[in-house]
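Data block below; observations after.
Starting from 1, each residue takes its place in the sequence as its number.
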Amino acid sequence: TAQASEAAAPSTEAAKKLVIGFAQVGAESAWRTAETQSIKDEAAKRGYDLKFSDAQQKQENQIKAIRSFIQQKVDAIVVAPAVSSGWDTVFKEAQDAKIPVILVDRGVDCDPSLYSTFIGSDFIEEGKNACIELAKAMGEKGNIVELQGSVGASAATDRQKGFAEELKNHPDLKIIKTQSGDFARAKGKEVMESFLKSDGKNIQGVYAHNDDMGMGAIQAIEEAGLKPGVDIKIVGVDGIKDAFQAMVDGKYNATVECNPLLGPQVFDAAETLVKGGTVEKWIKSQEGIYPADKAQEALPNRVY
Ligand code: AHR
């Protein structure tokens with residue numbers, strides 16, 4: 001802990017045994033499960049005491065968890081924000097208690113001096129890349145429906161924004177419907193069913209803000225008697241194994257990777273911060289783009 005590192009001659013072992021609170025947003029997707037696992041595994045590997053809280057998608061639960069971490073005097077707080085607004089008060093409480101706050105995977109729009117770093121992806125870039133891949137798969141022409149992530153989450157707003165920006169360079173592509181499927185497979189399926197009911201013959205492409213909703217779309221399209229990946233092209237974000245398998249099966253057209261395996265980076269940052277050091281304000285993930293023709297080769301190496 002911080003106190004231990006100030007003691008006379010702490011062993012490296014003792015100095016590193018941190019107590020960390022992690023306010024996770026939930027377990028809505030395969031990606032999220034992989035992120036939780038990465039953080040739990042890395043904490044165990046380093047011998048940390050990890051206090052884990054699953055907020056079931058509710059910001060109020062995350063705020064409660066953070067307040068309880070502050071009371072327990074943890075060394076650092078890690079949070080994957082459900083939504084981007086409404087964090088100033090509780091982050092200020094952590095700052096007043098001298099506990100660094102590390103944002104993992106999703107950003108916030110509060111005063112940046114209230115958190116130490118954001119570790120995660122460039123969602124705007126992901127949205128742009130998804131648009132480029134979908135445009136290619138659709139032959140630059142046709143109508144798109146968009147399955148949005150959770151309302152108010154930076155991963156959803158920025159993926160929407162990036163895609164919309166890139167779409168300006170593709171004059172014969174158009175988004176005809178957009179709705180949230182909450183980053184979840186079952187909800188993605190439900191929303192796709194309603195799109196198919198109202199606009200079935202008019203849809204040539206699906207942009208899913210994550211692969212889980214893309215998998216839901218595959219099911220809905222098949223149940224409507226159409227061929228996913230062929231009659232209706234589908235592109236998603238994340239790079240989960242199921243998406244690679246679906247591409248190998250000819251049912252999915254591309255995935256834009258978003259890395260959930262953030263445990264090592266999160267705790268490297270925590271160690272530096274606890275020792276009083278500074279880290280980059282945005283520790284950006286490095287990610288690939290996988291169109292269907294790269295799926296077969298990549299599938300055996302996918303870890304989530
Ligand atoms: O914030 C990252 C997003 O949240 C992932 O793309 C999605 O699968 C998750 O639920």
Side-chain angles (χ1 to χ4, degrees), residues 28-29 123-153 155-240 242-256 289-293 295:
E28 71 282 0
S29 62
F123 295 135
I124 293 185
E125 203 55 36
E126 289 174 350
K128 284 186 182 167
N129 288 328
C131 183
I132 292 169
E133 290 308 313
L134 189 56
K136 276 191 229 159
M138 294 173 67
E140 294 289 342
K141 203 173 168 330
N143 294 327
I144 298 166
V145 293
E146 180 181 31
L147 297 169
Q148 285 182 41
S150 307
V151 176
T157 38
D158 286 352
R159 282 176 188 162
Q160 178 169 40
K161 200 168 160 189
F163 192 95
E165 263 170 36
E166 177 59 33
L167 201 61
K168 292 180 191 148
N169 302 322
H170 307 268
D172 296 324
L173 290 176
K174 194 176 152 200
I175 295 183
I176 56 164
K177 283 261 155 83
T178 178
Q179 199 180 314
S180 173
D182 253 333
F183 281 129
R185 203 171 285 217
K187 193 71 198 294
K189 182 183 179 214
E190 223 173 83
V191 175
M192 190 65 208
E193 280 166 357
S194 80
F195 287 162
L196 286 163
K197 234 179 235 160
S198 56
D199 292 275
K201 297 221 162 54
N202 254 330
I203 303 170
Q204 285 83 39
V206 176
Y207 168 37
H209 286 192
N210 79 348
D211 287 332
D212 274 83
M213 294 188 294
M215 297 302 108
I218 289 180
Q219 290 170 19
I221 293 168
E222 283 180 332
E223 285 172 22
L226 295 166
K227 284 202 173 78
V230 180
D231 298 326
I232 299 180
K233 309 292 195 282
I234 317 171
V235 170
V237 183
D238 276 357
I240 63 171
D242 284 358
F244 281 80
Q245 187 58 56
M247 286 193 277
V248 170
D249 297 341
K251 298 179 178 184
Y252 207 66
N253 302 87
T255 184
V256 175
I289 300 165
Y290 295 91
D293 60 5

Inset, instruction - With sequence neighbours left out, write down each residue that passes salt bridge (Lys or Arg N to Asp or Glu O under 4.0 Å) with D158, or none if nothing qualifies. - result: none

Legend entry - Set of residues satisfying side-chain contact (heavy atoms from CB on, under 4.5 Å) with respect to A208, sequence neighbours excluded: L147, M213

Legend entry - Donor-acceptor contact below 3.5 Å, side chain N143 vs main chain N202: yes

Inset, instruction - Find the distance between NZ (K187) and OG (S180) and round it off to the nearest 0.5 Å. - result: 5.5 Å

Inset, instruction - Quick one: list whatever passes salt bridge (Lys or Arg N to Asp or Glu O under 4.0 Å) with E165, sequence neighbours left out. - result: K128

Inset, instruction - Output all residues satisfying salt bridge (Lys or Arg N to Asp or Glu O under 4.0 Å) with E126, sequence neighbours left out; order by chain, then residue number. - result: R159

Inset, instruction - State which residue, out of I176, L134, I203, fulfils the side chain to side chain contact (heavy atoms under 4.5 Å, CB included) condition with I144. - result: L134

Inset, instruction - Enumerate the residue pairs fulfilling salt bridge (Lys or Arg N to Asp or Glu O under 4.0 Å) with a member in residues 189-199, sequence neighbours excluded, ordered by first and then second residue. - result: K177-D199, K189-E193, K189-E223

Legend entry - Least distance between heavy atoms, F183 atom then S29 atom: O-CB, 3.8 Å

Inset, instruction - Report the residues that fulfil side-chain contact (heavy atoms from CB on, under 4.5 Å) with D231, sequence neighbours left out, ordered by chain and then residue number. - result: L226, K227

Legend entry - Qualifying residues under side-chain hydrogen bond (donor to acceptor under 3.5 Å, both in side chains), relative to D242, sequence neighbours excluded: R185

Inset, instruction - Mind checking side-chain contact (heavy atoms from CB on, under 4.5 Å) for E133 and listing every partner two or more places apart, or none if nothing turns up? - result: K136, V235, A254, I289, P291

Legend entry - Rounded distance (nearest 0.5 Å) linking atom CZ of F195 with atom OG1 of T178: 6.0 Å

Inset, instruction - Would you please name every residue forming a side-chain contact (heavy atoms from CB on, under 4.5 Å) with A135, sequence neighbours left out? - result: E140, H170, L173

Legend entry - Under 3.5 Å: donor-acceptor pair, side chain of N210, backbone of D238: no

Inset, instruction - Search all heavy atoms of A220 against all heavy atoms of L196 and return the closest pair with its distance. - result: O-CD1, 3.6 Å

Legend entry - ring pair (Phe, Tyr, Trp, His ring centres under 6.0 Å) partners of F163, counting only residues at least two apart: Y207

Inset, instruction - Could you walk me through whether M192 and V145 pass side-chain contact (heavy atoms from CB on, under 4.5 Å), step by step? - result: CA-CA 8 Å; M192 190 65 208; V145 293; 4.0 Å; yes

Inset, instruction - Without swapping roles, check the side chain of N253 against the backbone of G229 for a donor-acceptor pair under 3.5 Å. - result: yes

Please list, one pair per line, the donor and acceptor atoms closer than 3.5 Å that link side chains of residues 243-251 to other protein atoms, with sequence neighbours excluded.
residue : atom : partner : partner atom : Å
Q245    : NE2  : D249    : OD1          : 3.1
K251    : NZ   : E222    : OE2          : 2.9

Legend entry - Results of side-chain hydrogen bond (donor to acceptor under 3.5 Å, both in side chains) for Y252 - residues two or more places apart only: D211

